[in-house]
Amino acid sequence: MTPADSTFLPADWFARPATDVAPDSIGCTLVRELPNGQILRGRIVETEAYTPDDPACHAYRRQTQRNAVMFGPPGIAYVYLIYGIYHCLNLVTDADGVPSAVLIRALELDTLPPSLDLATPPKLHRIAAGPGKLCRALQIDRSLNAHPLHPSSSLWLEPRPTNWQHQLDSGHLTLTQTTRIGLTQGVDLPWRWYLSNSAAVSKR
DNA sequence: TGAAGGATTTGT
DNA sequence: CAAATCCTTCAC
């Protein structure tokens with residue numbers, strides 16, 4: 001199966017409030033085709049929502065060069081550099097002109113990424129645990145900012161597996177909602193979601 | 001033009 | 001708890 005044959009979530013799937021897309025993204029698969037052609041897949045297990053009236057949102061005050069993509073149409077990648085070291089990947093959500101996004105905080109990879117760092121411990125479930133480590137593992141940086149979430153961008157999402165609802169109903173998976181991490185504003189908004197069964201989720 | 005600080009991670 | 005490290009934002 002080539003990337004173009006894959007089922008991917010279309011732009012209008014993201015055309016909803018970030019507080020809807022964030023929990024609905026849990027269980028979906030983030031797919032990244034590396035520059036060398038290798039394809040990495042990871043199940044999304046932790047997300048956060050950022051909305052226009054949210055003090056913690058980059059677009060809360062006004063549109064700037066950095067946050068401009070959040071103001072655009074949904075289904076686009078918003079990638080920014082944090083602390084001069086790490087990149088963070090967001091999915092732009094909601095209608096064109098409504099600046100909001102979903103931060104992808106953790107993945108469960110199904111494959112060990114190549115050449116991370118020879119000293120990286122081979123704990124597969126920890127490699128994409130955290131927004132900065134996730135981008136490092138998938139080789140995501142600002143060159144992907146403003147790219148559509150589409151196979152032609154080498155970065156896209158795939159829907160939840162067909163047995164997703166059954167896994168929730170059977171208690172095999174548990175989706176939890178709570179407050180976000182690392183913020184100085186909007187600390188009480190319960191806009192973080194995670195699979196409580198996952199070992200990749202940020203500790204709290 | 002400069003200074004402060006950040007949606008992180010790691011090690012002390 | 002502080003360092004790493006650099007880009008963005010805001011004040012002057």
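Computed from a predicted structure; not experimentally measured. First the proteins, then the strands, lettered A, B, ... as listed; each starts at 1.
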Between B:dG2 and C:dT5, how far apart are the P atoms? Round to whole Å, please.
23 Å

Here the distance between atom C1' of B:dT8 and atom CD1 of A:I82, to the nearest Å, is 7 Å

Once you round it to whole Å, what is the distance between C1' of C:dT9 and OH of A:Y60?
16 Å

Given C:dT5, B:dA7, B:dT9, the nucleotide with the shortest approach to the side chain of A:Y86
B:dT9

State whether a side-chain donor-acceptor pair under 3.5 Å links A:N67 with A:Q63.
no

In this structure, how many angstroms lie between the P atom of B:dA7 and the CG atom of A:L91, rounded?
17 Å

Less than 4.0 angstrom between a side-chain N/O of A:R105 and OP1 or OP2 of B:dT8, yes or no?
yes

Using atom CG of A:N145 as one end and atom C1' of B:dA7 as the other, report the distance to the nearest whole Å.
15 Å

For A:Y50 and B:dA7, are the ring centres under 5.5 Å apart with planes inclined under 30°?
yes

Looking only at C:dT8, B:dT9, B:dT8, the nucleotide nearest the A:C88 side chain is B:dT8

Indicate, with a heavy-atom threshold strictly under 4.0 Å, whether A:G132 touches base, sugar-phosphate, or nothing.
sugar-phosphate

Under 4.0 angstrom between A:H58 side-chain N/O and B:dA7 OP1 or OP2:
yes

Opposite nucleotide pairing with B:dT1, Watson-Crick or G-U, both atom distances under 3.5 Å
C:dA11

Distance in angstrom units between A:I104 CD1 and B:dT8 P, rounded:
14 Å

Between A:R126 (CZ) and B:dT10 (P), how many Å, whole number?
9 Å

Per salt bridge (Lys or Arg N to Asp or Glu O under 4.0 Å), A:E46 is matched among A:R180, A:K133, A:R105 by A:R105

If you find the nucleotide of DNA chain C closest to A:I85 and the one closest to A:R66, which residue's nucleotide is nearer the 5' end?
A:I85

Kindly point out which of B:dT9, C:dT9, B:dA7 is positioned nearest to the side chain of A:T64?
C:dT9

After noting the C-alpha distance and the side-chain angles of A:H58 and A:Y80, does the key distance pass the ring pair (Phe, Tyr, Trp, His ring centres under 6.0 Å) rule?
CA-CA 10 Å; A:H58 284 177; A:Y80 66 91; 4.6 Å; yes

Could you tell me whether the side chain of A:R160 and the main chain of A:I26 form a donor-acceptor pair under 3.5 Å?
yes

With the side chain of A:R142 defined as its heavy atoms from C-beta on, choose the nearest nucleotide among B:dT8, C:dC7, B:dT10.
C:dC7

Over how many whole Å does the gap from A:Q65 atom CD to C:dC6 atom P extend?
19 Å

Distance, rounded to the nearest Å, where A:L189 contributes CG and B:dA7 contributes C1'
13 Å

Checking side chain to side chain contact (heavy atoms under 4.5 Å, CB included) for the pair A:E158/A:C28: CA distance, chi angles, key distance, verdict?
CA-CA 6 Å; A:E158 292 173 352; A:C28 296; over 6 Å; no

Given B:dG6, C:dC6, B:dT9, identify the nucleotide with an atom nearest to the side chain of A:L81.
C:dC6

